[in-house]
Peer 1: 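Handing you a structure now.
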Amino acid sequence: MNDSETLRLGLIEGDGIGPEVVAATRAVVDDAVEIVGLPPIEWVPLLIGHAAIAEYGTPVPEQTLKALEEFDAWIMGPHDSASYAPEHRAGLPPAGAVRKRFGLYANIRWARTHEGVRAVAEDMDLIIVRENSEGLYADRNMFAGSGEFRPSQDMALAVGVFTRPAIEKIAHQAFKIASRRRKKVTVVHKANVLPMTMGLFRDVCYEVALEYPDVEVTDEHVDAMAALLVRTPADFDVIVTENLFGDILSDLAGELSGSLGMAASLNSSDTQAMAQAVHGAAPTLAGHNRANPIALILSAVGMLRWLGTRDSHSALYRAAERIEHAVAETLRAGVATSDLGGLASTTEFTEQVRARLHRW
């Protein structure tokens, strides 16, 4: 992609607060792209969730999945699968179905504290790199079926899968990211009680580390890691771990930074990426103009950086940096939504960010 080409991206509103935070994100991204001199983005709206059920009779229509094949990246709003009718809750939830269909094996989740936001942790700026296709999440590691089964009415089992190729891929992602940051990777596992599966994860990560001699690597058990995130979060740069642990630790880190409403996330393969906030659809907030749009805005920052890195496109990188700076400056000025203790509505916060995009 060069500076004269039009970027074409998918846009999925989702459920609950999805339409509100997606609209905010789109407005901010459009402004940043224009400021750095790129042509306007061509957004292609697609349906998932309740809108898709109304239109196609399913929350994850094949029409949407086929359309996503054309895109290098897209923005996914949150879904509220718990509120779907029983027949629409049987399969994977929408985001899980998309991740599996397109092999989005890496889930990159940022957590940092911001001046102007009261946070449990201080001076935290870390990235959790979560393996997204197997591990202890039984719905993602089977060719067909959920990976959970019940031999009897009183017993349920789940299969955890760990493979060398998948571990190698996620480890390379972590070390590449660390190489561009503070050059520290922490491998999180539970090899003391799961020596074969978690031991393989730990050991393969250390093998991959040999290819990155300038990056320091250590490892922690997951229970110790949870305590250390609370106690000394500033000690950590990039954390790499399996699926279930990554999900739990990133939610913890998001809350430590001030609110899950700030927890950003990118799901990616080597060829495609999906910006998706960590939080859910928050249906009780829907339509009240109170949702915090930061998580999805910063997820879009990750998407722009991913595209900029893949295509060596400096303008996309500049757009991402401008958005990140504008969000930080808005929070520093004391403008925040109610989950952060502020009074700003979704649209008010978004307008404040857009105004600061032009000042940097």
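Treat the numbers as computed from the prediction; the structure is a model and nothing was measured.
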Peer 1: Quick check against the 3.5 Å criterion: does Lys66 have a side-chain atom that pairs as donor or acceptor with the backbone of Glu62?
Peer 2: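 Not confirmed, Lys66 side chain does not pair with Glu62 backbone.
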
Peer 1: According to side-chain hydrogen bond (donor to acceptor under 3.5 Å, both in side chains), does anything in residues 31-43 pair up with another residue at least two apart or in another chain? List the pairs.
Peer 2: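 side-chain hydrogen bond (donor to acceptor under 3.5 Å, both in side chains) check on residues 31-43 returns Arg8-Glu42, Asp30-Trp43, Asp31-Arg354.
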
Peer 1: Quick one: side-chain hydrogen bond (donor to acceptor under 3.5 Å, both in side chains) pairs with a partner in residues 293-305, sequence neighbours left out?
Peer 2: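 Output for this query lists Arg305-Glu324.
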
Peer 1: By ring-ring contact (aromatic ring centres under 6.0 Å, His included), which residues pair with His189, not counting sequence neighbours?
Peer 2: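 Scan of His189 (ring-ring contact (aromatic ring centres under 6.0 Å, His included), adjacent residues dropped) gives His221.
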
Peer 1: Looking at Arg101 and Glu69, is any side-chain nitrogen of the basic one under 4.0 Å from a carboxylate oxygen of the acidic one?
Peer 2: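 Here Glu69 pairs with Arg101 in a salt bridge, since their nearest N and O are under 4.0 Å apart.
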
Peer 1: Examine distances only and state if a side-chain atom of Glu20 and a backbone atom of Asn289 form a donor-acceptor pair shorter than 3.5 Å.
Peer 2: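 Yes.
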
Peer 1: Please give the remaining members of the hydrophobic cluster of Leu104, linking ILVMFWY side chains under 4.5 Å, ordered by chain and number.
Peer 2: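 Traced through the cluster, Leu104 reaches Ile12, Val44, Leu46, Ile48, Val60, Leu65, Leu68, Phe71, Trp74, Met76, Val98, Phe102, Met274.
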
Peer 1: Which residues satisfy the ring-ring contact (aromatic ring centres under 6.0 Å, His included) test with His114, sequence neighbours excluded?
Peer 2: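 In terms of ring-ring contact (aromatic ring centres under 6.0 Å, His included), with neighbours along the sequence ignored, His114 is linked to no residue.
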
Peer 1: Taking the hydrophobic residues Ile, Leu, Val, Met, Phe, Trp and Tyr, and joining any pair whose side-chain heavy atoms are under 4.5 Å apart, which ones share a cluster with Tyr317?
Peer 2: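 Members other than Tyr317 - counting any ILVMFWY side chain reachable under 4.5 Å - there are none.
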
Peer 1: Check salt bridge (Lys or Arg N to Asp or Glu O under 4.0 Å) between Asp72 and all other residues, then give those that pass, not counting sequence neighbours.
Peer 2: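 Once residues adjacent in sequence are excluded, the partners of Asp72 under the salt bridge (Lys or Arg N to Asp or Glu O under 4.0 Å) criterion are Arg310.
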
Peer 1: Which is it for Met225 and Phe236 under the side-chain contact (heavy atoms from CB on, under 4.5 Å) test, yes or no, and what are the steps along the way?
Peer 2: CA-CA 10 Å; Met225 187 70 230; Phe236 299 98; 3.5 Å; yes

Peer 1: Once you round to the nearest 0.5 Å, how far does CZ of Arg318 lie from NE2 of His313?
Peer 2: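 Here the rounded value is 8.5 Å.
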
Peer 1: Can you name the side-chain hydrogen bond (donor to acceptor under 3.5 Å, both in side chains) partners of Thr64, sequence neighbours left out?
Peer 2: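 Testing Thr64 for side-chain hydrogen bond (donor to acceptor under 3.5 Å, both in side chains), a comparison that skips the adjacent residues, returns none.
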
Peer 1: Starting from Ile53, walk the hydrophobic network (Ile, Leu, Val, Met, Phe, Trp, Tyr; side-chain heavy atoms closer than 4.5 Å) and list everyone else you reach, by chain and number.
Peer 2: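 Taking Ile, Leu, Val, Met, Phe, Trp and Tyr as members, Ile53 shares its hydrophobic cluster with Tyr84.
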
Peer 1: Which Ile, Leu, Val, Met, Phe, Trp or Tyr residues join Leu47 in one cluster when any pair of side-chain heavy atoms under 4.5 Å counts as a link?
Peer 2: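 In the cluster with Leu47 are Tyr56.
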
Peer 1: With sequence neighbours excluded, what pairs up with His172 under the ring-ring contact (aromatic ring centres under 6.0 Å, His included) test?
Peer 2: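 So His172 forms a ring-ring contact (aromatic ring centres under 6.0 Å, His included) with Tyr212.
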
Peer 1: Which residues pass the ring-ring contact (aromatic ring centres under 6.0 Å, His included) test with Phe162, sequence neighbours left out?
Peer 2: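 Counting only residues at least two positions away or on another chain, Phe162 forms no ring-ring contact (aromatic ring centres under 6.0 Å, His included).
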
